S.K.: 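Before I ask anything, let me first share the structure, which is written out below as structure tokens.
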2 protein chains.
Amino acid sequence: MGDPVEVFNGHLRSRGIRGSKRREEVLKVFLDASSHLSMAELFLDVRRRCPGMGLATVYRTMRLICEAGLADEIDFGDGTKRFERKDNQPHHDHLICESCGRCVELDDGEIESLQARLADDHGFTLTRHKMYLFGICPDCRRQEEGSRRTRKVGENR
Amino acid sequence: MGDPVEVFNGHLRSRGIRGSKRREEVLKVFLDASSHLSMAELFLDVRRRCPGMGLATVYRTMRLICEAGLADEIDFGDGTKRFERKDNQPHHDHLICESCGRCVELDDGEIESLQARLADDHGFTLTRHKMYLFGICPDCRRQEEGSRRTRKVGENR
DNA sequence: TTGCTTGCAAAGGATTTGCAACATG
DNA sequence: CATGTTGCAAATCCTTTGCAAGCAA
């Protein structure tokens with residue numbers, strides 16, 4: 001797909017939208033950031049590098065980045081938008097730890113073919129899907145077991 | 001599981017929460033309503049039967065109904081809560097038409113075992129999952145094809 | 001100049017909460 | 001009487017929009 005910055009500028013040009021320093025700033029922060037960042041986290045990151053930037057600009061730019069095909073919006077169901085890169089990885093689903101928030105990306109070849117078949121059974125043309133698995137990761141499970149063993153009665157968490 | 005009204009009242013009692021006319025009203029409307037209704041739709045239904053009821057009461061009561069194990073909250077990603085009964089049907093996933101909103105319930109035995117395996121591969125203990133397939137249903141596809149054939153250039157929709 | 005971009009504040013939409021009035025055991 | 005329940009309005013949270021000021025071609 002090529003250099004994301006190029007792809008982004010190309011997308012803007014093709015749509016008759018101007019490039020700008022701020023837009024490039026947001027794109028760079030997004031590209032450098034870890035995956036699945038929420039809008040709020042992303043905004044904090046952006047402000048660190050570019051203190052004057054407004055929240056609206058980050059929202060607007062993330063939309064452009066998505067339209068350019070560089071990002072996907074994801075929704076863990078916690079009431080905030082999250083983003084991940086789309087240009088440097090194949091499609092995948094997510095397995096999220098409900099205790100620590102850790103997120104594992106799942107290769108979903110098998111799931112996808114099953115989904116396609118299910119849709120087909122009902123005559124639907126599949127356009128997209130959302131799948132999120134929630135559970136407890138090994139680390140958190142160990143901790144829980146540990147604290148359960150040592151915790152006094154009535155003690156919280 | 002028994003009569004939902006009984007289950008509900010039992011749940012309230014066991015939690016030291018009072019029953020009330022309004023709560024029963026909401027429960028009945030929910031039980032009679034079609035599945036996957038949004039909060040707004042449910043509220044309209046409730047108001048039809050019980051004009052003075054406040055939105056907050058419906059929110060509060062639906063939470064109780066979920067806690068009683070009678071309803072599941074579902075999230076089609078359109079920014080509103082939806083509900084479906086949980087007591088009279090096995091777990092399933094959803095296939096939603098992006099054009100008309102029709103929703104088909106999918107028996108997901110195969111999907112579930114795959115999901116369990118994926119979680120297991122990463123050492124996770126699975127607690128729950130969300131899976132939504134989006135597509136175009138047969139009816140809408142036919143209509144689209146029809147209108148595409150007969151539509152004049154530049155005409156919308 | 002002309003039009004796009006930006007930050008800020010205000011608006012929006014969904015949901016929750018505070019509270020005084022109210023009901024009910 | 002004592003508590004729990006309710007409607008209303010206000011408050012939250014996340015996101016989008018309006019707008020005047022700033023910039024760039």
Side-chain angles (χ1 to χ4, degrees), chain A residues 8-30 36-68 71-83 101, chain B residues 8-30 36-68 71-83 101:
Chain A
F8 184 58
N9 289 328
H11 171 75
L12 295 185
R13 244 177 279 123
S14 79
R15 299 251 323 254
I17 297 172
R18 276 184 202 158
S20 79
K21 196 102 192 196
R22 309 234 121 170
R23 286 182 177 151
E24 206 158 301
E25 230 29 271
V26 173
L27 176 60
K28 279 192 202 148
V29 170
F30 165 67
H36 317 122
L37 249 49
S38 68
M39 190 44 100
E41 293 162 338
L42 207 56
F43 181 54
L44 285 180
D45 264 25
V46 168
R47 287 290 279 240
R48 209 166 295 139
R49 182 134 75 171
C50 190
M53 177 107 52
L55 178 57
T57 301
V58 181
Y59 270 99
R60 290 189 274 234
T61 307
M62 286 313 299
R63 172 181 298 170
L64 292 172
I65 293 173
C66 288
E67 286 168 1
D72 248 348
E73 213 177 291
I74 51 184
D75 172 18
F76 286 179
D78 59 351
T80 179
K81 287 185 171 181
R82 290 170 188 280
F83 299 94
Chain B
F8 185 57
N9 289 328
H11 171 74
L12 295 186
R13 242 176 283 124
S14 80
R15 297 251 325 254
I17 297 172
R18 275 186 203 159
S20 78
K21 197 103 190 193
R22 309 234 123 167
R23 286 186 177 147
E24 208 159 297
E25 228 30 271
V26 173
L27 176 59
K28 278 191 202 149
V29 170
F30 165 67
H36 317 123
L37 249 50
S38 68
M39 190 43 102
E41 292 162 337
L42 207 55
F43 181 55
L44 285 180
D45 264 25
V46 169
R47 288 290 279 238
R48 209 167 295 137
R49 184 135 71 169
C50 189
M53 178 109 49
L55 179 57
T57 300
V58 181
Y59 271 100
R60 291 189 274 231
T61 306
M62 286 313 300
R63 172 180 298 167
L64 291 172
I65 293 173
C66 287
E67 287 169 2
D72 248 348
E73 213 178 290
I74 52 185
D75 172 17
F76 287 0
D78 59 350
T80 179
K81 288 184 171 179
R82 290 170 189 280
F83 300 93

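Every chain is numbered from 1 and lettered A, B, ... according to where its sequence line falls, protein lines coming before strand lines. Please read these numbers as outputs of a predicted model, since none were measured by experiment.
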S.K.: With sugar-phosphate meaning primed atoms plus P, OP1 and OP2, does B:G52 contact a base, only sugar-phosphate, or nothing at under 4.0 Å between heavy atoms?
M.R.: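 Sugar-phosphate contact only.
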S.K.: With a 3.5 Å distance limit and no angle check, can you tell me whether A:R47 reaches the backbone of A:M53 through a side-chain donor-acceptor pair?
M.R.: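 Here the side-chain-to-backbone pair exists.
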S.K.: Answer yes or no: is there an ion pair linking A:R82 with A:E73, defined by an N-O contact shorter than 4.0 Å?
M.R.: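 No.
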S.K.: Could you state the CZ-C1' distance from A:R18 to D:dA24, rounded to the nearest angstrom?
M.R.: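 About 5 Å, once rounded to whole Å.
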S.K.: Among D:dT15, C:dT17, C:dT6, which is the nearest nucleotide to the side chain of A:T80?
M.R.: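 Per side-chain heavy atoms of A:T80, the pick is D:dT15.
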S.K.: Only one of A:V29, A:T57, A:L55 clears side-chain contact (heavy atoms from CB on, under 4.5 Å) with A:V46; which?
M.R.: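 Testing each of A:V29, A:T57, A:L55 against A:V46, the sole residue satisfying side-chain contact (heavy atoms from CB on, under 4.5 Å) is A:V29.
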S.K.: Output the rounded distance in Å from CG (A:L12) to P (D:dA25).
M.R.: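 In whole Å, D:dA25 P lies 14 Å from A:L12 CG.
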S.K.: Rounded to whole Å, how long is the line connecting atom CG of A:D75 with atom C1' of D:dT15?
M.R.: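 About 13 Å, once rounded to whole Å.
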S.K.: Determine: side-chain N/O of B:S20 to OP1/OP2 of D:dG4, distance under 4.0 Å, yes or no.
M.R.: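 So the side chain of B:S20 is outside the cut-off, no N or O lying under 4.0 Å from OP1 or OP2 of D:dG4.
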S.K.: Checking all strands, does A:R63 fall into the base, sugar-phosphate, or nothing category for heavy-atom contacts under 4.0 angstrom?
M.R.: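 The answer is sugar-phosphate, as A:R63 gets under 4.0 Å only of primed atoms, P, OP1 or OP2.
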S.K.: A:F83 versus A:S38: any side-chain heavy-atom pair under 4.5 Å?
M.R.: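 They are not in side-chain contact.
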S.K.: Would you classify B:R23 as touching base, sugar-phosphate or nothing, given that sugar-phosphate means primed atoms plus P, OP1 and OP2, and contacts are heavy atoms under 4.0 Å?
M.R.: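 Counting heavy atoms under 4.0 Å across all strands, the contact made by B:R23 is with sugar-phosphate only.
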S.K.: Return yes if some donor-acceptor pair links the side-chain N/O of A:R23 with the main-chain N/O of A:R18 below 3.5 Å, else return no.
M.R.: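 Yes; judged by distance alone, with no hydrogens or angles, the pair exists.
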S.K.: Find the distance A:M39:CE to D:dT16:C1' and express it as a whole number of Å.
M.R.: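 Whole-Å distance recorded here is 11 Å.
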S.K.: B:R60 or B:K21: which one's nearest nucleotide on DNA chain C is closer to the 5' end?
M.R.: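 The residue whose closest nucleotide sits nearer the 5' end is B:R60.
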S.K.: Would you please confirm or rule out a distance under 4.0 Å between OP1 or OP2 of D:dT16 and any side-chain N or O of A:Y59?
M.R.: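 Checking A:Y59 against D:dT16: no side-chain N or O falls below 4.0 Å of OP1 or OP2.
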S.K.: Rounded to the nearest angstrom, tell me the gap between atom CG in B:L55 and atom P in D:dA11.
M.R.: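 Distance, rounded to whole Å: 18 Å.
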S.K.: Considering only side-chain heavy atoms of A:A56, which listed nucleotide, C:dT16, D:dT17, D:dT6, is closest?
M.R.: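 For the A:A56 side chain, the nearest candidate turns out to be D:dT17.
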S.K.: Expressed in angstrom and rounded to an integer, what is the separation of B:M53 atom CE from D:dT5 atom P?
M.R.: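 After rounding, the reported distance stands at 14 Å.
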S.K.: Could you tell me the separation between the CG atom of B:D78 and the C1' atom of D:dC14, rounded to a whole number of Å?
M.R.: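 The distance from CG of B:D78 to C1' of D:dC14 comes to 16 Å, rounded to the nearest Å.
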S.K.: To the side chain of A:K81, which of D:dT16, C:dT5, D:dT5 is closest?
M.R.: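 Shortest atom-to-atom distance from the side chain points to D:dT16.
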S.K.: What is the distance from CZ of B:F43 to P of C:dG13, rounded to the nearest Å?
M.R.: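 About 16 Å, once rounded to whole Å.
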